[in-house]
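In what follows, chains are A, B, ... by sequence order, proteins preceding strands, each numbered from 1.
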Amino acid sequence: MTNKESLAMLFQMIKSLIEAGNWTGETSIHKAFYILQKLKEVDVKYDFVLYLHGPFSFALRDDISKYVAYDYIKLVYDSPKYGPKHNLTDASIRFLNENQDSVEKYDEQINAVCNLINTSSVSSLEKLATALYVMKELNQAGTDAEKKLMELKPHIKPDEAKNAVNEVTRWIQDESKKE
Amino acid sequence: MGKFKHEFRDPIHNFIYVDDDERKVIDSKFFQRLRYIHQLALAYLLYPGASHKRFEHSLGVMELSSKIFDVVFDQENYDKYSSIVECDLLRKTRMFDHYKKTLRFAALCHDIGHLPFSHAAEAEIFPKGSDHEDLTYKIITESMLDVWESLEDPIKPVEVANIAVGPVKSKNVLSEWEEVMSEIITGDAFGADRMDYLLRDSYHIGVAYGKYDRHRLIDCIRLCRYSPDKNSDEKYYLGLDVGGLHSAEALMLARYYMFSQVYMHRVRRIYDYHLKNFFSAWIKEMKFDKDNILSELMELTDNDILYSMNKSIKNNDERLKPLAERVINRDHFKNIYTITKKDIENNALFVDDIETYLWDQFGAESIYVCRTKKGPGNTFFPVIKSDGSIEHSNNISDILKNIPAIKLDMIYADRSIEKEVMEKINEYKNRDEERRHDE
């Protein structure tokens with residue numbers, strides 16, 4: 001993946017998350033990229049580790065921070081209690097328009113991930129993304145995956161773990177049917 | 001009879017007191033090694049006063065962690081906003097004081113895995129995805145077992161390590177209680193690590209930027225449940241009573257100024273680059289045992305690296321001498337150009353593109369494009385208002401919301417081609433501008 005494609009992907013992800021009705025906080029962006037990488041098997045340039053709210057990429061965090069500093073991404077504070085949402089600026093919209101070929105390359109997969117996520121809460125995304133981590137990276141399935149998920153995230157209740165694993169299992173099965 | 005309390009004179013905290021068990025950890029070879037690891041790598045070549053070491057910084061972090069613990073877990077402060085099951089149980093037993101001791105040990109040892117010259121060459125040495133914190137964990141849980149076993153009041157090394165390195169780097173899943181304890185040391189907003197190094201670095205360098213009212217700030221730190229994202233599970237954060245907001249603003253500004261003026265100083269960054277290059281080449285020449293390289297490097301201090309640099313110059317080492325001279329003879333690359341916001345506005349990938357262009361023109365060995373990998377960023381914390389409600393810090397403070405992210409990407413080149421490189425940069429920018437104009 002070229003740098004241009006990678007940057008187009010970042011801006012396109014933010015755009016698609018907003019269009020899908022997502023809050024588009026930083027956590028959502030991380031989870032969306034993780035799902036794109038692990039479920040849709042798109043070769044994103046970021047490495048993920050298991051962090052406070054599930055899979056997280058320090059390199060992605062740095063890229064977001066960089067392009068906020070350069071006014072390609074803006075932070076919107078519209079709720080006193082919470083942190084900011086992310087949105088595009090004229091500069092990033094212009095970049096997407098000028099690099100349509102880079103955008104189109106992964107547009108379908110990005111939209112598919114954003115539709116899977118749509119208005120999911122961060123809490124829900126954390127469980128789903130961590131379940132995906134358990135199933136794809138630790139090769140667990142079924143009740144073993146549920147146990148591992150609760151072990152990694154002790155605040156997740158048994159029924160929540162079960163629902164998350166079932167949901168992700170369905171995602172994986174739907175993906176393999178497409179192949 | 002020896003002193004129960006041992007004391008260290010410290011320019012930041014006046015006196016730092018330790019007990020007999022803590023003295024045993026401090027006297028261990030693992031901790032004593034920190035006397036010979038500069039806190040700011042080669043910054044003393046730029047700021048002569050920056051000769052302070054990780055040793056006194058670690059003592060300072062212990063001192064601040066202890067103070068934060070006392071304030072956060074003061075019964076009145078704690079009861080208002082917090083209720084961690086494990087904490088509540090521990091409080092009823094002697095184990096609560098024991099945990100404060102574990103926290104102090106974790107703070108003392110939080111940097112014990114640093115290689116010579118701190119962060120400067122980490123990326124070159126450690127396997128991908130690991131860093132000095134992984135080594136810290138290993139040292140605490142494996143190498144220091146004899147030290148822990150010699151203590152009068154037994155401590156679990158794994159607990160010390162978990163708290164010292166935090167939830168991401170620890171090999172274990174941390175309990176809520178351990179996460180809170182770790183945040184006292186390593187937290188992004190009010191971690192004792194950051195609070196100490198800002199004051200200490202500022203003092204030794206001789207700048208006023210790093211100063212803030214730490215006494216007021218610590219006095220207002222509270223533990224509270226919060227989520228910065230809508231519809232997210234809440235977790236415990238170190239937050240702030242609104243009365244301490246101005247001192248928190250001062251801390252965040254201190255951080256911003258120290259980053260932009262000191263940590264990201266153009267000369268400091270190029271010395272880091274040259275140090276890293278020497279270090280990587282030197283390791284290859286030394287032929288360390290690949291499987292044991294980290295253990296072998298752990299025996300080294302800054303003195304060993306400096307000695308090796310001088311030796312390679314004296315011996316005319318073909319490979320190492322030119323790399324060492326960059327540092328010892330101050331023959332570092334010059335900062336030719338600092339990338340501007342306008343450059344990026346015109347071309348989002350300007351940094352990558354100009355690097356490729358200049359490498360094609362002059363070769364990668366003569367050009368260095370330094371990217372800001374990690375600035376202070378947009379650090380937030382929960383603020384507890386007088387009515388008990390909790391708000392995001394950036395919503396309540398215009399100063400915090402508007403502290404800019406720092407982007408100082410710079411282009412460096414060998415002095416012999418300084419003029420030509422600048423000409424090529426201008427050429428490239430003009431071409432880029434014309435291309436944009438045509439579009």
Side-chain angles (χ1 to χ4, degrees), chain A residues 2-4 6-8 10-11 22-28 47 49-53 56 58-59 61-62 64-72 75 77-85 89-92 94-95 98-99 119-127 150-156 160, chain B residues 128-129 166-169 172-176 179 183 226-235 237 339-353 355-356 371-378 380 382-383 385 389-396 401 404-409 436 439:
Chain A
T2 66
N3 289 333
K4 197 180 274 187
S6 180
L7 189 55
L10 173 58
F11 298 151
N22 194 273
W23 172 257
T24 322
E26 188 162 341
T27 310
S28 299
D47 292 326
V49 296
L50 210 56
Y51 198 45
L52 300 168
H53 292 290
F56 182 91
F58 288 98
R61 180 195 65 180
D62 290 346
I64 293 172
S65 160
K66 173 177 164 176
Y67 285 101
V68 166
Y70 283 134
D71 286 340
Y72 276 76
L75 302 177
Y77 291 90
D78 69 2
S79 165
K81 194 167 182 233
Y82 302 111
K85 300 191 284 192
T89 63
D90 290 342
S92 43
R94 190 176 65 235
F95 181 88
E98 289 170 0
N99 295 284
T119 55
S120 292
S121 67
V122 170
S123 169
S124 172
L125 276 180
E126 179 193 349
K127 295 173 182 89
M150 286 188 286
E151 185 191 310
L152 290 171
K153 296 283 172 190
H155 63 278
I156 294 179
E160 291 172 336
Chain B
K128 196 181 171 188
V168 178
K169 288 294 175 177
N172 314 297
V173 177
L174 267 55
S175 67
E176 200 166 44
E179 280 194 19
E183 185 157 348
Y226 176 69
S227 166
D229 292 305
K230 206 173 180 183
N231 298 324
S232 171
D233 288 332
E234 290 182 334
K235 63 182 276 290
Y237 277 89
I339 289 157
T340 67
K341 210 164 173 177
K342 186 126 172 50
D343 292 329
I344 306 293
E345 209 176 272
N346 289 339
N347 176 2
L349 294 164
F350 180 83
V351 180
D352 295 332
D353 289 349
E355 182 181 61
T356 306
R371 291 163 173 80
T372 313
K373 284 208 169 68
K374 201 162 93 170
N378 188 22
F380 74 92
V383 177
K385 292 165 68 177
S389 63
I390 298 177
E391 274 197 33
H392 189 288
S393 51
N394 288 4
N395 284 318
I396 207 172
K401 187 194 284 191
I406 295 172
K407 288 311 298 177
L408 285 171
D409 296 336
R436 288 204 57 77
E439 280 167 8

Contacts of B/D343 meeting side chain to side chain contact (heavy atoms under 4.5 Å, CB included) (sequence neighbours excluded), chain-then-number -> B/Y337, B/I339, B/T340, B/F350, B/K429

Shortest non-hydrogen pair, A/R94 vs B/E345, comes out as NH2-O, 2.9 Å

So NE2 of A/H155 and NZ of B/K235: to nearest 0.5 Å the spacing works out to 10.0 Å

If one checks every heavy atom of B/I344 against chain A at 4.5 Å, the contacting part turns out to be both

Output for pair (B/D353 CG, A/K4 NZ), nearest 0.5 Å, gives 7.5 Å

Would you say the side chain of B/H392 lies within less than 4.5 Å of the side chain of A/P84, judging by non-hydrogen atoms?
-> yes

Applying a strict 4.5 Å limit to non-hydrogen atoms, the region of A/Y67 in contact with chain B is side chain

When rounded to the nearest 0.5 Å, the distance separating CG of A/N3 from CG of B/L349 is 6.0 Å

Check your understanding: Mind checking whether B/K341 and A/Y70 have side chains closer than 4.5 Å, heavy atoms only?
Key -> yes

Cut-off 4.5 Å, heavy atoms of chain B, and the answer for A/V49 is side chain

Okay, B/E179 and chain A: the region with an atom under 4.5 Å from a heavy atom over there is side chain

